[in-house]
Amino acid sequence: MQYIALIYWDEASPEHVPEDVIEQYGVYTQDIIARGKFKAGDALQPTDTATCIRIRDGKRRVIDGPFAETKEQLGGYYLLECDNLDDAIETAAGIPTAKYGTIEVRPIRIYGD
């Protein structure tokens with residue numbers, strides 16, 4: 001079953017994240033690839049690069065910035081292949097910035113199955 005692990009952290013406070021976090025992510029990613037858990041994953045550009053689109057009454061509205069003001073921002077994701085939710089939680093708990101932010105784990109809905 002596939003799960004998405006959404007990685008949230010406070011991008012305004014990078015001092016809480018160690019300098020070697022990129023290397024930690026490399027080690028983590030190689031580990032989950034070797035274990036057959038990795039499907040996809042990427043980091044996102046900062047929220048000041050975000051654009052939101054809304055359609056209301058048939059009219060498109062484009063808004064700069066993230067959808068909501070929050071303490072933590074979505075910074076990246078992993079798409080995981082795991083046996084069950086417990087396996088997904090265990091796998092996602094290894095994401096390096098889980099120590100400094102929040103990891104949201106959600107099952108992927110597959111239509112047509």
Side-chain angles (χ1 to χ4, degrees):
M1 183 167 192
Q2 291 184 4
Y3 293 84
I4 193 160
L6 301 170
I7 303 164
Y8 294 92
W9 71 296
D10 183 356
E11 67 184 29
S13 298
E15 67 274 3
H16 296 131
V17 180
E19 290 182 21
D20 69 343
V21 74
I22 300 301
E23 291 84 13
Q24 291 177 28
Y25 267 95
V27 169
Y28 173 78
T29 302
Q30 291 306 308
D31 176 61
I32 63 173
I33 288 170
R35 295 188 300 141
K37 307 267 182 211
F38 179 85
K39 297 293 284 182
D42 280 300
L44 302 175
Q45 294 288 335
T47 55
D48 64 1
T49 66
T51 302
C52 296
I53 302 148
R54 294 181 182 164
I55 307 294
R56 300 293 186 270
D57 299 320
K59 295 182 181 175
R60 182 179 69 183
R61 182 170 178 212
V62 178
I63 305 160
D64 289 338
F67 174 71
E69 294 291 327
T70 61
K71 182 178 177 188
E72 295 179 332
Q73 295 77 36
L74 180 61
Y77 73 95
Y78 280 100
L79 181 60
L80 305 171
E81 183 69 43
C82 295
D83 295 333
N84 52 47
L85 179 59
D86 289 337
D87 185 24
I89 291 168
E90 182 69 27
T91 302
I95 295 173
T97 47
K99 300 171 189 165
Y100 316 102
T102 302
I103 309 301
E104 178 182 350
V105 176
R106 294 174 68 177
I108 299 295
R109 181 179 291 169
I110 306 295
Y111 290 98
D113 284 351

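Note that the structure is a prediction, hence the values are computed from the model and not measured. For this chain, numbers begin at 1 and follow the sequence in order.
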I'd like to check the side-chain hydrogen bond (donor to acceptor under 3.5 Å, both in side chains) partners of [X]; sequence neighbours left out, ordered by chain and number.
{"X": "Y28", "result": "none"}
{"X": "R109", "result": "Y111"}
{"X": "E90", "result": "none"}
{"X": "Y8", "result": "E104"}

Pair listing, ring-ring contact (aromatic ring centres under 6.0 Å, His included) test, anchored in residues 38-63, at least two apart: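 ring-ring contact (aromatic ring centres under 6.0 Å, His included) check on residues 38-63 returns no pairs.
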What's the shortest heavy-atom distance between [X] and [Y], and which atoms?
{"X": "T29", "Y": "Y78", "result": "OG1-OH, 2.5 Å"}
{"X": "C82", "Y": "Y3", "result": "CB-CD1, 4.0 Å"}
{"X": "E11", "Y": "P46", "result": "OE1-CA, 3.7 Å"}

E23: salt bridge (charged side-chain N to carboxylate O under 4.0 Å, His left out) partners, not counting sequence neighbours: none
Partners passing side-chain contact (heavy atoms from CB on, under 4.5 Å) against R61 (at least two apart in sequence or in another chain):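 For R61, the residues satisfying side-chain contact (heavy atoms from CB on, under 4.5 Å) (neighbours in sequence not counted) are R54, I63.
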Under the side-chain contact (heavy atoms from CB on, under 4.5 Å) test, residues paired with L44 that sit two or more places apart: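 Expected list: L74.
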Please report the interatomic distance [atom1]([X]) to [atom2]([Y]), rounded to the nearest 0.5 Å.
{"X": "I89", "Y": "L80", "atom1": "CD1", "atom2": "CG", "answer": "11.5 Å"}
{"X": "T91", "Y": "D86", "atom1": "OG1", "atom2": "CG", "answer": "10.5 Å"}
{"X": "Q73", "Y": "W9", "atom1": "CD", "atom2": "CH2", "answer": "8.5 Å"}

Pairwise side-chain contact, V27 with Q24, heavy-atom cut-off 4.5 Å (strictly under):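 The answer is no, as the side chains (C-beta and beyond) never meet within the 4.5 Å cut-off.
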With a cut-off of 3.5 Å and sequence neighbours excluded, list every side-chain donor-acceptor pair involving residues 94-103.
| from | atom 1 | to | atom 2 | distance (Å) |
| --- | --- | --- | --- | --- |
| T97 | OG1 | Y25 | OH | 2.4 |
| T102 | OG1 | E72 | OE1 | 2.7 |
| T102 | OG1 | E72 | OE2 | 3.4 |

Selection residues 35-46 - residue pairs positive for salt bridge (charged side-chain N to carboxylate O under 4.0 Å, His left out), sequence neighbours left out: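 Output for this query lists D31-R35, K37-D87.
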Under 3.5 Å donor-acceptor, D57 side chain and K59 backbone: no
Expected output: side-chain E81 to main-chain M1 donor-acceptor under 3.5 Å: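 Checked: pair present.
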